[in-house]
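Numbered from 1 within each chain, the chains take letters A, B, ... in sequence-line order.
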Amino acid sequence: MANLMEQARAQVLSLTQKAYEKAAAAGALPPGVEVKAVVDSPKDAKNGDFATSFALAGAKLMKMPPPAVAKALLENLDLEGSFFQKAEVAGPGFLNFTFGPSWYGEVLKAIEAEGETYGAINEGQGKKVMVEFVSANPTGTMTIGNARGGVLGDATAAVLERAGYEVWREFYVNDAGNQVEKFALSLEARYIQLIQGEDAVAFPEDGYHGQDIWELAKLFRETHGDAYLDMESEARQEVMRAFGLAHNIAKMKTDLERYGIRYDQWFLESSLHESGYVEDTVKLLTDAGHTYEKDGALWLNNTALGGDKDEVLRRSNGFYTYYAVDIAYHRNKFVVRGFDKVIDVLGADHHGHALRFAATMTAPALGMEGKTLDFLIMQLVQLLQDGKEVKVSKRSGKSITLSDLLDEISVDAARFAFNAKPTNHLVFDLDLAVRQDSENPVYYVQYAHARLCSLIARLGEEGFGVKDAGQIDAACLTSEEERALVKTLAGLPEEIRYAARAYDPSRVGRYLIALAGDFHRFYSAHRIKGEAEEVLYARLKLADSVRAVLSNCLKLLGISAPEKM
RNA sequence: GCGUCUGUAGCUCAGGUGGAUAGAGCAACUGCCUUCUAAGCAGUGGGUCAGGGGUUCGAGUCCCUUCAGGCGUGCCA
């Protein structure tokens with residue numbers, strides 16, 4: 001798991017520190033000064049591959065002008081045995097370092113040695129982390145918002161795996177509670193209306209008005225006929241609820257699999273009720289003095305735990321609230337199943353809940369000390385079609401569903417587009433996503449991969465196979481385009497680290513665009529076929545490394561890497 | 001009101017712990033295919049980083065404040 005960027009950065013720091021000590025010993029700089037220096041990668045390639053602000057940061061303490069400090073450092077700098085072949089003073093006092101050929105060779109060796117797992121780091125150290133995402137209500141179909149949540153959750157999980165965590169993907173199925181009752185009532189009403197006409201029975205005021213309920217009722221009638229018409233309402237609702245849930249859950253599984261998402265577990269909310277775990281959890285909080293009774297309901301004293309308001313746990317009608325069940329569910333995740341870290345991917349309409357809930361989880365009675373619960377809150381998706389906003393609303397039944405979307409655009413395009421930004425407000429332009437041309441960045445990246453495959457195959461036909469990294473001469477890779485390409489390749493492990501820390505897989509998407517861009521520029525500026533053999537083999541190896549990394553990262557995001565386009 | 005997210009090019013967005021001349025894609029315009037895939041490349045134009053203060057060698061980035069917008073603030077989930 002080589003992270004050559006990190007190693008190089010550390011080298012700059014230690015080389016500079018040694019140079020300072022040597023200069024101080026020689027009397028060129030004042031001794032004993034501790035400098036908090038920063039090493040970064042200059043935007044402009046003219047300023048080298050790495051730069052340190054050591055002289056700028058230390059100048060004041062040393063009571064010398066920054067360029068003079070930098071000059072003294074440079075005079076005492078020894079690059080022997082390092083990745084660097086050159087250092088110079090520039091600008092207001094930066095010390096700039098330039099890579100030598102050995103470093104380029106090392107990068108290609110690392111990619112070859114690690115193959116499909118190149119970029120992997122061990123930040124997670126095998127810790128168990130659960131990513132819970134989508135968890136759409138089984139009372140309806142999945143929306144564009146779920147499409148985004150699906151990609152965000154799945155790609156975050158993938159990035160965490162690459163960062164060394166043991167990841168579990170989970171879908172929480174809300175197959176109990178108020179919404180499910182409304183769902184059953186709505187289905188029942190539609191069923192009766194189908195048989196006896198729309199005026200036969202009133203549709204529940206706060207029921208689900210969507211077309212999908214009609215279709216579900218029709219399906220029920222096709223399966224069971226009119227036999228349930230004369231049944232007692234309560235029993236009929238129970239049958240219809242079970243029928244509707246089973247159908248919708250199966251549909252969600254199918255749609256998500258089509259979208260490239262597979263879960264380790266579909267966790268049923270009802271199981272928490274059936275096992276008595278909700279009741280036990282509430283009792284735990286009550287015994288610990290976190291609750292009180294008011295107006296016939298049982299309340300959680302959440303303000304005492306740091307929340308902004310109290311929450312009802314058990315309603316006056318005796319039913320537990322979603323809030324109570326959610327506490328039980330999270331206790332199950334951490335205490336029963338032993339996850340060290342849990343990430344919940346939620347829509348922005350849940351962020352108030354997330355803040356309150358985080359406060360609740362600090363209650364010592366729940367036994368979650370040392371555990372981490374993080375929320376990944378995404379802003380809602382704004383859908384554009386024909387340049388106008390399409391309102392997404394489940395209640396009106398007018399939403400565009402995930403399966404509608406996948407009928408329009410490819411899984412690759414959808415996954416790339418929804419992974420374009422971290423969690424903030426996202427504008428999804430349907431017309432743009434549908435277009436299969438260069439305006440769509442996914443094709444820019446895939447095209448680079450296809451181009452490479454074709455190029456390597458063509459050379460192979462002519463007898464030029466890709467050589468081992470140890471057998472090529474990396475010193476041939478001297479042009480600006482080649483150097484930029486290798487540097488981008490070397491940056492993947494760092495990119496994975498940042499993406500994993502920030503739960504931001506969109507970084508990988510942007511990395512792919514950058515890498516594809518570097519390759520296209522290289523391809524336009526240089527040729528491989530027909531060059532002198534040393535150069536040909538070095539460039540061919542570079543090309544093959546780029547191909548491997550593009551494929552690797554595309555697959556990480558659940559996007560295909562086509563060999564032809 | 002309070003909480004929270006957001007405000008960077010005409011549009012959509014990047015900009016680790018503060019660093020050199022604020023970037024990319026799209027859109028507009030101009031070039032480049034007898035040579036490994038033109039779904040590509042090169043170039044031109046485009047900015048009060050929402051406004052105002054502050055911190056310092058140095059601020060899009062940190063602090064304070066004002067303004068504008070999304071979401072939340074249910075005995076819903």
Worksheet item: Under a 90° cut-off about 0 for the syn range, is B/C33 syn or anti?
Response: syn
Discussion item. Using atom P in both nucleotides, what's the gap between B/C11 and B/C33 to the nearest angstrom?
Written reply: 35 Å
Discussion item. Taking the P atom in each of B/G58 and B/U66, what is the distance between them to the nearest angstrom?
Written reply: 27 Å
Practice prompt. Please work out if A/Glu495 contacts a base, only the sugar-phosphate, or nothing of the nucleic acid, heavy-atom cut-off 4.0 Å.
Written response: nothing
Worksheet entry | Length of the CD-P vector between A/Glu461 and B/C36, whole Å | 13 Å
Discussion item. Distance alone, cut at 3.5 Å: any donor-acceptor contact between the side chains of A/Gln179 and A/Asn137?
Written reply: no
Practice prompt. With the side chain of A/Lys309 defined as its heavy atoms from C-beta on, choose the nearest nucleotide among B/A77, B/U37, B/U73.
Written response: B/U73
For nucleotides 2-9 of chain B, list the nitrogen or oxygen atoms of the protein found under 3.5 Å from its nitrogen or oxygen atoms, one pair per line.
{"unit_1": "B/G3", "atom_1": "N2", "unit_2": "A/His351", "atom_2": "NE2", "d": "2.6"}
{"unit_1": "B/C5", "atom_1": "O2'", "unit_2": "A/Gln379", "atom_2": "NE2", "d": "3.3"}

Discussion item. Check this for me: does the side-chain of A/Ser454 come within 3.5 Å of the base of B/C36 through a donor and an acceptor?
Written reply: no
Item to complete: Measure centre to centre between the rings of A/Phe171 and A/Phe133, then say whether the value is under 6.0 Å.
Response: no
Practice prompt. Among the candidates B/G72, B/G19, B/C75, find the nucleotide nearest to the side-chain atoms of A/Arg356.
Written response: B/G72
Fill in: Between A/Asp518 and A/Thr488: side-chain donor-acceptor atoms closer than 3.5 Å
yes
Worksheet item: What does A/Ala51 touch in the nucleic acid at a heavy-atom separation under 4.0 angstrom: a base, only the sugar-phosphate, or nothing?
Response: base
Discussion item. So for atom CD, which belongs to A/Glu480, do other residues, nucleotides or ligands contribute more than 12 heavy atoms lying within a distance under 6.0 Å?
Written reply: no
Worksheet item: In terms of ring plane angle, is the pair A/Trp299 and A/Tyr292 parallel, tilted or perpendicular, where the classes change at 30° and 60°?
Response: parallel
Worksheet item: Does A/Arg539 have a side-chain nitrogen or oxygen under 4.0 Å from the phosphate oxygens OP1 or OP2 of B/C36?
Response: no
Worksheet item: In whole Å, what is the span from the CG atom of A/Asp40 to the C1' atom of B/U61?
Response: 13 Å
Item to complete: Tell whether A/Asp349 reaches the base of B/A77 with its side chain through a donor-acceptor pair below 3.5 angstrom.
Response: no
Discussion item. Looking only at the side chain of A/His350 (C-beta and beyond, no hydrogens), which of the listed nucleotides B/C36, B/A20, B/A77 gets closest?
Written reply: B/A77
Discussion item. Using a 4.0 Å heavy-atom cut-off, does A/Glu494 contact any base of the nucleic acid, only the sugar-phosphate backbone, or nothing at all?
Written reply: base
Worksheet item: If we take the P atom in both B/C49 and B/U61, what is their distance in whole Å?
Response: 10 Å
Worksheet item: Are the ring of A/Tyr447 and the base ring of B/G40 both nearer than 5.5 Å at their centres and tilted by less than 30°?
Response: no
Practice prompt. When you get a sec, tell me which of B/A20, B/C75, B/C36 is the closest nucleotide to the side chain of A/Arg315?
Written response: B/C75
Worksheet item: Relative to each other, are the rings of A/Phe84 and A/Phe99 parallel, tilted or perpendicular (30° and 60° limits)?
Response: parallel
Practice prompt. To the nearest Å, give me how far apart CG (A/Asp518) and P (B/A42) are.
Written response: 10 Å
Worksheet item: Quick one: is B/A77 close enough that its OP1 or OP2 comes under 4.0 Å of any side-chain N or O from A/Tyr322?
Response: no
Discussion item. Among B/C36, B/A38, B/C71, which nucleotide has an atom closest to any side-chain atom of A/Arg451?
Written reply: B/A38
Practice prompt. Indicate, with yes or no, if the rings of A/Tyr323 and A/Phe357 have centres closer together than 6.0 Å.
Written response: yes
Discussion item. Output the rounded distance in Å from CZ (A/Phe464) to P (B/C36).
Written reply: 15 Å
Worksheet, complete the sentence: Of A/Ser53 and A/Gly177, the one whose closest nucleotide on RNA chain B sits nearer the 5' end is A/Ser53
Practice prompt. Considering just the side-chain nitrogens and oxygens of A/Tyr443, establish if one lies under 4.0 Å of OP1 or OP2 belonging to B/U37.
Written response: no
Practice prompt. May I ask you to say what A/Asp310 touches in the nucleic acid, namely base, sugar-phosphate or nothing, with a heavy-atom cut-off under 4.0 Å?
Written response: nothing
Worksheet item: Using the ring of each side chain (for Trp, its six-membered ring), is A/His350 parallel, tilted or perpendicular to A/His353, with breaks at 30° and 60°?
Response: perpendicular
Practice prompt. Would you mind classifying the nucleic acid contact of A/His449 as base, sugar-phosphate or nothing, using non-hydrogen atoms under 4.0 angstrom?
Written response: nothing
Discussion item. In whole Å, measure the gap between the C1' atoms of B/U30 and B/C67 for me.
Written reply: 42 Å
Item to complete: Describe the nucleic acid contact of A/Ala297 in one word from base, sugar-phosphate, nothing, applying a heavy-atom distance below 4.0 Å.
Response: base
Discussion item. Counting only Watson-Crick pairs (N1-N3 plus N6-O4 or O6-N4) and G-U wobbles (N1-O2, O6-N3), all under 3.5 Å, who is the partner of B/C26?
Written reply: B/G10
Item to complete: Hunt down the Watson-Crick or G-U wobble partner of B/A20, both distances under 3.5 Å, from any strand shown, or write none.
Response: none
Discussion item. Counting only side-chain heavy atoms from C-beta out, which of B/C36, B/C75, B/U17 sits nearest to A/Tyr523?
Written reply: B/C36
Worksheet item: Which nucleotide in the list B/C41, B/A77, B/A20 gets nearest to the side chain of A/Asn174?
Response: B/A77
Item to complete: Considering only atom P, compute the distance from B/A27 to B/U65 and round it to an integer number of Å.
Response: 43 Å
Practice prompt. Could you check which residues of residues 503-515 of chain A get a heavy atom under 4.0 Å from RNA chain B? Sort them by number, please.
Written response: A/Arg510
Worksheet item: Do A/Phe519 and A/His449 make the cut of ring centroids closer than 6.0 angstrom?
Response: no
Worksheet item: From the list B/C75, B/A39, B/G40, which nucleotide is the closest neighbour of the side chain of A/Trp299?
Response: B/C75
Item to complete: Write down the distance separating the C1' atoms in B/G19 and B/C62, rounded off to the nearest Å.
Response: 14 Å
Response to the item:
A/Asp206 CG to B/G74 P, in whole Å, measures 18 Å
Discussion item. By the 4.0 Å heavy-atom rule, please label A/Leu459 as base, sugar-phosphate, or nothing.
Written reply: nothing
Worksheet entry | Counterpart base for B/G46, defined by Watson-Crick or G-U wobble contacts under 3.5 Å | none
Worksheet item: With rounding to whole Å, what would you report as the distance between B/C41 and B/U4 at their P atoms?
Response: 43 Å
Worksheet, complete the sentence: Of the listed B/A20, B/C36, B/C76, the closest approach to the A/Gln179 side chain comes from B/C76
Response to the item:
Closest to the 5' end of RNA chain B, once A/Ile456 and A/Ala516 are matched to their nearest nucleotides, is A/Ile456
Item to complete: Could you tell me which nucleotide pairs with B/U61 by Watson-Crick or G-U wobble geometry, both distances under 3.5 Å, or answer none if nothing does?
Response: none
Fill in: Rounded distance (nearest 0.5 Å) linking atom CD1 of A/Ile213 with atom CG of A/Asn248
7.0 Å
Discussion item. Tell me whether the rings of A/Tyr537 and A/Phe464 are parallel (<30°), tilted (30 to 60°) or perpendicular (>60°).
Written reply: perpendicular
Discussion item. Suppose you measure atom C1' in B/A50 against the same atom in B/U6; what distance do you get, rounded to whole Å?
Written reply: 11 Å
Worksheet item: Would you say the side chains of A/Ser506 and A/Asp504 form a donor-acceptor pair under 3.5 Å?
Response: yes
Item to complete: With heavy atoms under 4.0 Å as the rule, sort A/Arg527 into base, sugar-phosphate or nothing.
Response: base
Discussion item. Do A/Asp344 and A/His330 pair up side chain to side chain, a donor and an acceptor below 3.5 Å, judged on atom types alone?
Written reply: yes
Fill in: Any side-chain donor near an acceptor of the partner, A/Ser479 and A/Arg483, under 3.5 Å
no
Worksheet item: Is A/Tyr323 touching bases, backbone alone, or none of the nucleic acid, heavy atoms closer than 4.0 Å?
Response: nothing
Worksheet item: Partner of B/C71 by Watson-Crick or G-U wobble geometry, both contacts under 3.5 Å, or none?
Response: B/G3
